Visitor: 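Before anything else, here's the structure in question.
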Amino acid sequence: MSVWIDILLATLSVALAVRCLTAPTLAQCVFLFFAFGLTLALAWARLGAVDVAIAEAAIGAGFLGVLLIDALRDFAPAKEATVEDAEGYAAGGSAAEGSAAGVPLRAGRAALPLLPLAIAAVVFVLLTAEAVLNVRDGGGLTELAQENLARSGVDHPVTAVLLNYRSYDTWLEVGVVLIALLAIFAVGNGGTFARRDHVTHDPVLEPVSRILAPVLFLIGGFLLFLGKYEPGGAFQAAVLWGAMGILLYLAGWPVMTCLPRVWWQVLLTAGFGVFMLLGLAFMSGGGAWFEYPLAHAGNLILLIETLAALSIAAALTAIFAFFHEMHAPDATETPEK
Amino acid sequence: MLWFLHLVVLFLLLTVCAGLVRVWRGPTLADRLLTTQLFGTTGMAILIVLSGALGEPTLLNVAITFNVLAVLLVVCLVRVWTAGKAPKGGAS
Amino acid sequence: MNAMETYQIYLTASAVLFTTGLAGVFMARHFFRRIVATKIMGAGVFLSLVSFAERDALEFADPVPHAMVITGIVVAVSAAAFALALARRIHQLTGEHDFTTDS
Amino acid sequence: MSVADVIAIVLISAGCFFFLAGTVGLLRLPDLFSRLHALTKADNLGLGLVAAGMAIYMANPWAALKLFFIWIFTLLASSTACYLISRFAREQAGVTANSGKEDER
């Protein structure tokens with residue numbers, strides 16, 4: 001019985017991926033991608049990877065989905081996305097975006113390029129043969145991770161790997177998020193965030209955001225604290241806090257301008273910086289890079305996780321806000337058609 | 001009892017599959033948005049049942065995340081598109 | 001159905017996902033679809049890693065691939081966000097949305 | 001099979017029925033607003049029933065509390081989403097394929 005659940009989930013994820021890539025409109029593509037992400041999260045729940053499921057649902061489907069929707073404004077004007085698909089396909093000929101949204105693949109259905117398909121088929125056969133048949137059983141680092149768990153300061157093996165055994169990965173990952181933020185700022189058309197007052201006119205969204213934001217903050221903190229014992233931890237907390245920031249921003253609160261610029265800079269770099277300083281401090285004390293003193297390992301990990309979560313949450317909020325405002329000058333230039 | 005829970009998961013998955021037809025058919029953006037709701041609610045139910053079937057209560061945390069993300073997506077889409085339409089709304 | 005274990009089902013699916021994504025990267029024209037295709041490729045890789053983690057489970061599943069996948073998801077999303085920003089900027093500046101002009 | 005299990009099975013089956021009703025409504029109803037109605041009401045009731053059944057099955061007070069909060073949170077979130085979607089559909093001109101919308105305006 002449970003095998004059928006797995007088969008159904010696997011088939012569904014593959015079907016959604018194919019559908020997503022061959023969807024005639026970009027709006028379909030985005031929503032199928034979101035559905036794909038959530039299906040994948042279910043598959044990870046089935047595989048026992050609860051941390052990964054949270055991370056995937058939150059970042060892979062949620063945050064990227066939000067960014068894709070925002071980008072949809074540039075690539076597919078509101079009109080084409082909302083009229084009936086068939087009409088959008090026909091009427092899209094006038095606008096460049098329409099035709100691009102209408103033809104998903106290079107050569108259309110008539111003449112699919114054979115070379116990529118052949119390459120894909122060969123890769124598929126090789127991958128399947130290698131993955132299903134040839135990879136040796138009984139490997140893995142489970143035993144090693146289990147043996148050292150008592151010395152890591154936490155009780156949950158994934159958190160132990162992330163923040164103790166291989167903490168430089170996590171450190172650099174916080175760095176990657178920071179760099180992505182800076183790169184996006186550099187690519188975008190610059191400027192500062194427009195200072196605007198509280199502009200919500202929505203009678204429901206505003207009170208709901210007042211309730212949801214603290215709840216999200218609490219859930220995030222709960223997951224952060226729980227990371228010591230159970231699935232959860234810095235990234236999951238970061239995404240929930242980031243979701244809170246994005247929600248408040250979308251509800252019209254002046255999220256990006258309520259703090260002075262310097263505070264934002266401190267917030268964004270705190271995770272990376274403190275992580276690095278701690279690592280250097282341990283190294284100067286004679287240990288290895290990120291070799292925590294055994295007595296304080298648990299508390300130090302919690303401190304690092306909190307700061308990293310704050311930094312990542314701030315970065316996610318800032319990335320989204322910047323994305324959102326990237327469109328603003330064009331919205332005034334191009335008149336509605 | 002376990003076979004019953006697996007059957008429920010299977011049933012809910014099939015429900016989701018059927019609901020996905022609506023994303024495909026549309027016809028409007030709002031119809032596609034409905035699917036996030038469908039996936040949010042049914043996905044949560046699947047996770048809740050799975051957490052019982054696998055004996056893993058932590059899956060409930062994933063369920064919370066699902067819900068948060070589904071609503072965030074809706075808020076985002078609505079705000080983003082209405083803001084693009086009337087510049088006084090969210091952008092600028 | 002005892003011949004097929006859970007991890008093998010998902011491994012097969014991961015191979016299909018990876019190749020789907022690969023074909024998508026080659027065949028899709030629009031920036032947007034290419035970014036999504038890259039994400040699907042990544043999802044295939046993550047799925048295979050987590051499947052192996054499930055196979056090597058003792059008391060709990062192998063935590064190292066799990067940690068790698070969590071890190072990988074965040075990095076992949078950061079990269080995708082950057083790519084999306086680039087694509088939007090190119091579109092705003094030149095009006096292009098694919099690589100047709102130089103192919 | 002104990003009494004608690006039977007109660008759980010009954011509750012979860014009832015929940016599944018509402019999920020089925022929601023999906024059928026999503027597929028068969030003629031316009032967006034009635035689909036929205038079917039989906040958000042029926043599915044949330046189904047979720048509540050499934051959560052109640054699982055709370056009885058798990059017999060774990062901590063998990064039951066969490067399930068209860070999940071359900072309340074979902075009610076809040078999905079009613080907001082329902083309102084936002086319908087307002088969005090109204091703001092976009094000519095969204096629905098059927099004439100249900102013209103009456104509302």
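Below, chain A is the first sequence line, B the second, and so on; all start at residue 1. The structure presented is a predicted model; accordingly, all values stated were derived computationally and were not measured.
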Visitor: Between L14(B) and chain A, with a heavy-atom cut-off of 4.5 Å, which part of the residue counts as in contact: side chain, backbone, both or neither?
Guide: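 It is both, since atoms from each part get that close.
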
Visitor: Can you find a heavy atom in the side chain of C17(B) that is under 4.5 Å from one in the side chain of L12(A)?
Guide: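 Touching, per the 4.5 Å side-chain cut-off.
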
Visitor: I'd like to know which of L38(B), L2(B), L7(B), T65(B) tops the heavy-atom pair count under 4.5 Å against chain A.
Guide: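 The candidate making the most pairs under 4.5 Å is T65(B).
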
Visitor: To the nearest 0.5 Å, tell me how far L10(B) CG sits from I5(A) CD1.
Guide: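 It comes to 5.5 Å.
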
Visitor: Can you tell if the side chain of V71(B) reaches within under 4.5 Å of the side chain of V208(A), non-hydrogen atoms only?
Guide: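 Counting from C-beta outward, V71(B) and V208(A) never come under 4.5 Å.
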
Visitor: Heavy atoms only, distances under 4.5 angstrom: which of I69(A), V215(A), V30(A), L9(A) has the most pairs with chain B? Name it, please.
Guide: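 Heavy-atom pairs under 4.5 Å are most numerous for I69(A).
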
Visitor: Does the side chain of V62(B) reach to within under 4.5 Å of the side chain of W44(A), using non-hydrogen atoms?
Guide: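 V62(B) does not reach W44(A) side chain to side chain.
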
Visitor: Run through L240(A), L212(A), V239(A) and flag the one making a side chain to side chain contact (heavy atoms under 4.5 Å, CB included) with V68(B).
Guide: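 It is L240(A); the other options fail the test.
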
Visitor: How close do C76(B) and V66(A) get, counting heavy atoms only, and between which atoms?
Guide: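 Scanning both residues, the minimum pair turns out to be SG-CG1, 3.4 Å.
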
Visitor: Rounded to the nearest 0.5 Å, what separation is found between the CG atom of L77(B) and the CG atom of L68(A)?
Guide: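 Output value for this atom pair is 11.5 Å.
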
Visitor: Side chain, backbone, both or neither: which part of I219(A) has an atom under 4.5 Å from a heavy atom of chain B?
Guide: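 For I219(A), the contact with chain B is made by the side chain alone.
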
Visitor: Does any non-hydrogen side-chain atom of L69(B) lie less than 4.5 Å from one of F63(A)?
Guide: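 Sidechains of L69(B) and F63(A): no contact.
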
Visitor: Relative to chain B, which segment of L223(A) carries a heavy atom at a distance below 4.5 Å: side chain, backbone, both, or neither?
Guide: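 When you check distances to chain B, only side chain atoms of L223(A) fall under 4.5 Å.
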
Visitor: Does any backbone or side-chain atom of L5(B) lie under 4.5 Å from a heavy atom of chain A? Answer side chain, backbone, both or neither.
Guide: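 Neither part.
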
Visitor: Begin from the C-alpha positions of L226(A) and N61(B) and carry the test side-chain contact (heavy atoms from CB on, under 4.5 Å) through to its verdict.
Guide: CA-CA 10 Å; L226(A) 220 62; N61(B) 298 340; 3.5 Å; yes

Visitor: Side chain from CB out, backbone as N, CA, C, O: work out which of these in I64(B) comes under 4.5 Å of a heavy atom of chain A, or both, or neither.
Guide: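 Contact with chain A: side chain only.
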
Visitor: Measuring heavy-atom distances to chain B, does L247(A) have an atom under 4.5 Å in its side chain, in its backbone, in both, or in neither?
Guide: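 Both backbone and side chain.
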
Visitor: Between R46(A) and L54(B), is any pair of side-chain heavy atoms under 4.5 Å apart?
Guide: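 With C-beta onward as the side chain, the pair touches.
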
Visitor: Quick check: closest heavy atoms across L72(B) and A243(A), and the distance to 0.1 Å?
Guide: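 Distance-wise, the nearest heavy atoms are CD1-O, 3.8 Å.
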
Visitor: Take atom CZ of F11(B) as the centre, draw a 6.0 Å sphere, and report whether it contains more than 12 heavy atoms from other residues, nucleotides or ligands.
Guide: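 For F11(B), atom CZ is crowded (more than 12 foreign heavy atoms under 6.0 Å).
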
Visitor: Between L47(B) and A45(A), what is the shortest heavy-atom contact and its length?
Guide: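 Smallest interatomic distance, heavy atoms only, reads CD2-CB, 3.8 Å.
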
Visitor: Is it the side chain or the backbone of S209(A) that comes within 4.5 Å of chain B heavy atoms, both, or neither?
Guide: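 No part of it gets close to chain B.
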
Visitor: Between CZ of F31(A) and CZ of F39(B), what distance do you get to the nearest 0.5 Å?
Guide: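 Here the rounded value is 13.0 Å.
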
Visitor: Looking only at heavy atoms and a cut-off of under 4.5 Å, which of I46(B), V16(B), V75(B), L73(B) has the most pairs with chain A?
Guide: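 Option with the greatest count: L73(B).
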
